[in-house]
Amino acid sequence: MSLDLARLRAETPGCAHVLHLNAAGSALPSKRTLDATLDHLRLEAEIGGYEAAAKAHADLEGFYPAIARLIGAAPDEIAFVENATRAWDLAFYSLDFKPGDRILTCVSEYSSNYISYLQVARKTGAEIVVVPDDNHGQIDLGALERAIDKRTRLVSISHVPTQGGLVQPAEAIGRITKQAGVLYLLDACQSVGQLPVDVDRIGCDFLSMTGRKYLRGPRGTGFLYARQATTAHIEPIFLDNHAAKWTDDNAYTVRDDARRFENWERYFAGVIGLKVAADQANELGMEPIWARLRALADGLRRRLASVKGVTLTDLGELKGAIVTFAVAGADHVALRDRLRAQAINVTVSTQFSSRLDLKGRGLVNVMRASVHVYNTEEELDRFVAALERTIR
Ligand SMILES: *Cc1c(COP(=O)(O)O)cnc(C)c1O
């Protein structure tokens with residue numbers, strides 16, 4: 001099934017205002033997602049927040065099966081969390097690292113995750129091991145296999161990095177971690193909603209995700225997946241009276257599903273908005289979405305390759321919807337600003353989001369243009385023409 005582009009655009013209010021090539025920052029939501037979020041905020045104002053939650057009970061509960069269906073999980077393996085970083089933190093900081101424990105990660109790892117490795121390594125004496133890339137610029141699977149030893153506590157990888165089209169071989173990594181019996185934490189912040197992600201095929205134990213990027217949900221939303229079979233015994237670093245019950249003066253019991261990672265208080269309108277966004281991705285189907293995003297991104301790379309002074313900087317054997325490039329002699333930040341003044345949204349990825357990768361390649365920063373289903377070939381032509389004009 002192919003996607004109905006005219007309808008997708010008509011149902012995305014932002015398409016009338018901007019040429020948005022920033023899905024990897026925050027994608028344009030559909031009108032249905034926007035309305036569902038606003039309707040709940042309005043209901044809270046009209047009848048009271050608790051009363052609105054009671055009335056919207058079915059939609060709020062519907063969040064869990066909608067997300068579960070999207071990633072091939074069970075509803076009791078999903079927790080709503082306010083963003084991907086915190087979802088990831090909840091998994092990572094709940095692990096009890098000991099001196100000498102090893103954390104294996106990849107060169108393209110996201111900055112916030114790496115900062116957490118550094119903090120935990122400093123506090124606990126755990127060690128960080130960065131597995132080198134292969135000649136495609138993705139994690140070297142042989143090196144990963146060799147790096148796993150008795151002290152390896154966790155393999156923690158970003159599926160798709162923030163700074164490019166790279167798609168890490170998540171399933172092959174999962175086969176290695178499963179064989180070794182090591183926990184596998186997958187930062188899927190840029191992959192869920194962009195490409196088909198199935199937690200059983202991948203074999204990850206935890207997966208973290210944000211709402212606003214490729215899922216086109218509201219800002220301030222996200223989720224954590226925690227595999228029941230392998231993580232049910234892991235007690236969250238934080239507990240409250242939603243995650244646990246105060247059962248005796250000196251005792252509590254923790255919930256036995258993934259909602260033990262949730263807060264009692266959360267962005268209810270956002271839960272509903274993200275549910276609707278996930279419903280839409282499920283309805284459109286992740287295979288057609290992925291096929292369209294790849295076609296758009298490949299088309300953009302092809303166009304950019306013929307622009308004088310432009311060098312494409314995406315790594316990996318299989319390239320996804322995030323297109324990055326460098327413009328010789330240009331100040332990327334100023335270029336981004338001049339494009340934004342023409343209602344064209346792109347961003348700049350810097351070493352502050354992925355130091356090991358960009359620094360290792362001698363790149364201070366890269367321009368990033370990230371497509372979504374509502375983008376058109378005509379928009380890509382218009383973007384590249386504007387870029388050529390603006391560079392000159
Ligand atoms: C954006 C991003 C994050 C952080 O997501 P937040 O929702 O802002 O916390 C984490 N990892 C990757 C790879 C990202 O691109």
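In this text, all values refer to a predicted model and were calculated from it rather than measured experimentally. As the structure lists them, so they are numbered: ligands from 1, and atoms in each ligand from 1.
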What residue pairs, at least two apart or across chains, pass side chain to side chain donor-acceptor pair (under 3.5 Å) with a residue in residues 62-79? Tyr64-Glu262
Look only at the side chain of Thr221 and the backbone of Gly217, and say whether a donor-acceptor pair between them is shorter than 3.5 Å. no
For a quick test of your reading: what N or O donor-acceptor pairs under 3.5 Å do the side chains of residues 334-342 make, sequence neighbours left out?
unit_1: Gln342; atom_1: NE2; unit_2: Arg338; atom_2: O; d: 3.1
unit_1: Gln342; atom_1: NE2; unit_2: Thr390; atom_2: OG1; d: 3.2

Minimum side-chain heavy-atom gap Ile234-Phe206 below 4.5 Å: yes
Taking the hydrophobic residues Ile, Leu, Val, Met, Phe, Trp and Tyr, and joining any pair whose side-chain heavy atoms are under 4.5 Å apart, which ones share a cluster with Ile47? Leu43
Kindly state whether the ring of Phe92 and the ring of Phe97 have centres lying under 6.0 angstrom apart. yes
Near ligand 1, which residues have a heavy atom under 4.0 Å away from one of its atoms? Asn83, Ala84, Thr85, Tyr110, Val160, Thr162, Asp187, Cys189, Gln190, Thr210, Arg212, Lys213
